[in-house]
Engineer: 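Submitted below is the structure of interest, expressed as structure tokens.
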Amino acid sequence: MNPIAFAVPVFLAFIFLEFWVARSRGLQIHNLKDSLTSINVGMMSEFSKAIGGLISIAMFTVIADRFGAFVWDVSNPLTWISALLLYDFCYYWVHRTGHEINILWASHVVHHSSEEFNLSTALRQSSTGFLFRWIFYIPLALLGYPVKVFVVVGLIDFLYMYWVHTQLIGKLGWLEYVFVTPSNHRVHHGQNDYCIDKNYGGIFSFWDRMFGTYADERDDEKTVYGIRKPLQSWNPLWANLHQFVQIWQQVKSAQNWRHRLMYVFAKPSWTPEKEDATTRFDANHFSRFDTPASKALIRFAFVVTALTNLLLMSYYFFQSQLSQPLRISYCILMMLILAGMGWLLTRPREATLSHLDKDHSHA
Ligand SMILES: [Zn+2]
Ligand SMILES: [Zn+2]
């Protein structure tokens with residue numbers, strides 16, 4: 001049974017708790033459409049992993065069995081501690097290349113596409129990352145760590161990163177030096193100049209200090225969350241594909257092979273004219289994406305998200321009883337429902353639901 005099945009209700013409960021605490025403190029840190037989109041992106045990621053996520057476990061097993069250099073005693077705590085440290089080190093490079101190589105950014109960008117920063121943002125995970133992330137963990141396989149250890153430390157890393165997506169927790173003193181915290185991860189999600197390409201750590205922040213990518217959160221500058229080329233959509237499918245589409249268009253219009261390769265493998269800010277065409281961020285000219293949507297449409301989206309969550313949970317429980325074609329069909333159908341709902345939220349006026357648009361709100 002997928003352990004994420006037990007984490008999903010906890011994740012959702014804490015999102016509600018954070019929403020309630022923020023409201024009671026008079027803080028506006030949520031947008032309902034954004035939070036629903038984040039949850040839907042998270043579910044789409046889980047359904048995509050259900051189809052292809054076993055690649056990483058299969059590849060790890062093959063490499064560890066054939067080339068594993070050492071035999072590790074799983075009853076020795078040092079096995080687990082060293083594996084966690086090494087996994088987190090590899091994660092640092094997965095994450096750093098995910099920002100600094102355009103084709104990998106196309107996959108990771110979805111996590112940064114929210115202009116809010118709250119616990120729901122943590123669920124905005126890529127639906128394409130499973131295709132290549134396993135490559136970065138090959139060192140653990142070559143060292144011969146058992147696949148069970150790889151899966152468990154990967155899960156610890158993943159679960160740890162949930163709680164750091166909140167604005168309700170301030171700086172945590174000396175912990176900032178060792179661990180990824182809400183404060184230093186807020187910097188990672190910022191689009192202010194000082195935030196760009198900073199704080200890539202998963203559990204530990206000392207990797208960033210070692211490799212010169214660490215930045216402390218500034219108290220004199222309000223952090224603006226999101227990406228410089230805004231997504232401007234509530235559609236989880238588009239959130240996963242938009243940067244790939246842009247790269248495709250750039251490659252198609254490029255004048256020579258060097259430019260084509262650079263569009264794919266250079267930094268996302270690369271242009272033929274400039275190695276780094278990043279412009280200075282102007283917080284005064286930033287406005288958050290929103291769309292008019294009726295309360296009825298928002299309620300409908302809420303119900304669809306809740307039902308799809310139940311269907312995801314059911315999938316976790318019953319997947320072993322389903323045939324492979326049925327599993328794949330089920331997951332594709334769920335992803336299409338999520339994409340359809342995202343389209344409906346983004347373009348309510350074109351969605352022939354004009355009868356729902358009696359009362360407009362910007363909820
Ligand atoms: Zn990132
Ligand atoms: Zn994050």
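In each ligand, atom 1 is the first atom listed, and ligand 1 is the first ligand listed. Residue indices begin at 1 and follow the sequence shown. Heavy-atom basis, side chains included; hydrogens, waters and symmetry copies ignored.
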Engineer: Is it the case that atom CZ in Phe302 sees more than 12 heavy atoms from other parts of the structure closer than 6.0 Å?
Structural biologist: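 Atom CZ in Phe302 is not crowded, with 12 or fewer foreign heavy atoms closer than 6.0 Å.
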Engineer: To the nearest 10 degrees, could you say what angle the Zn ion (ligand 1) makes with NE2 of His99 and NE2 of His112?
Structural biologist: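 Centred on the Zn ion (ligand 1), the NE2/NE2 angle is 90° (to 10°).
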Engineer: So, 2.8 Å as the limit: is an N/O/S atom of His111 located closer than that to the Zn ion (ligand 1)?
Structural biologist: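 No N, O or S atom of His111 is closer than 2.8 Å to the Zn ion (ligand 1), so no.
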Engineer: Could you tell me whether the Zn ion (ligand 1) has an N, O or S atom of His189 under 2.8 Å away?
Structural biologist: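 Short answer: no, not a single N, O or S atom is under the cut-off.
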Engineer: Only one of Val251, Ile101, Leu104 forms a side-chain contact (heavy atoms from CB on, under 4.5 Å) with Val264, so which one is it?
Structural biologist: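 Per the side-chain contact (heavy atoms from CB on, under 4.5 Å) rule, the option paired with Val264 is Val251, out of Val251, Ile101, Leu104.
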Engineer: Is there an N/O/S atom in His188 at a distance below 2.8 Å from the Zn ion (ligand 2)?
Structural biologist: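 Of the N, O and S atoms in His188, none lies under 2.8 Å from the Zn ion (ligand 2), which means no.
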Engineer: The Zn ion (ligand 2) and His165: any N/O/S contact shorter than 2.8 Å?
Structural biologist: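 Coordinating: yes.
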Engineer: For residues Phe60 and Trp134, establish whether the separation of their ring centroids is below 6.0 Å.
Structural biologist: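 No.
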Engineer: With ring centroids as reference points, do His188 and His111 lie under 6.0 angstrom apart?
Structural biologist: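 When the ring centroids of His188 and His111 are compared, they turn out to be at least 6.0 Å apart.
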Engineer: Check the surroundings of atom CZ in Phe14: do more than 12 heavy atoms from other residues, nucleotides or ligands lie under 6.0 Å from it?
Structural biologist: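 Not buried by this count: 12 neighbours or fewer within 6.0 Å.
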Engineer: By atom name, which N, O or S atom of His185 is the nearest to the Zn ion (ligand 2)?
Structural biologist: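 Per the distance ranking, His185 contributes NE2 as its closest N/O/S atom to the Zn ion (ligand 2).
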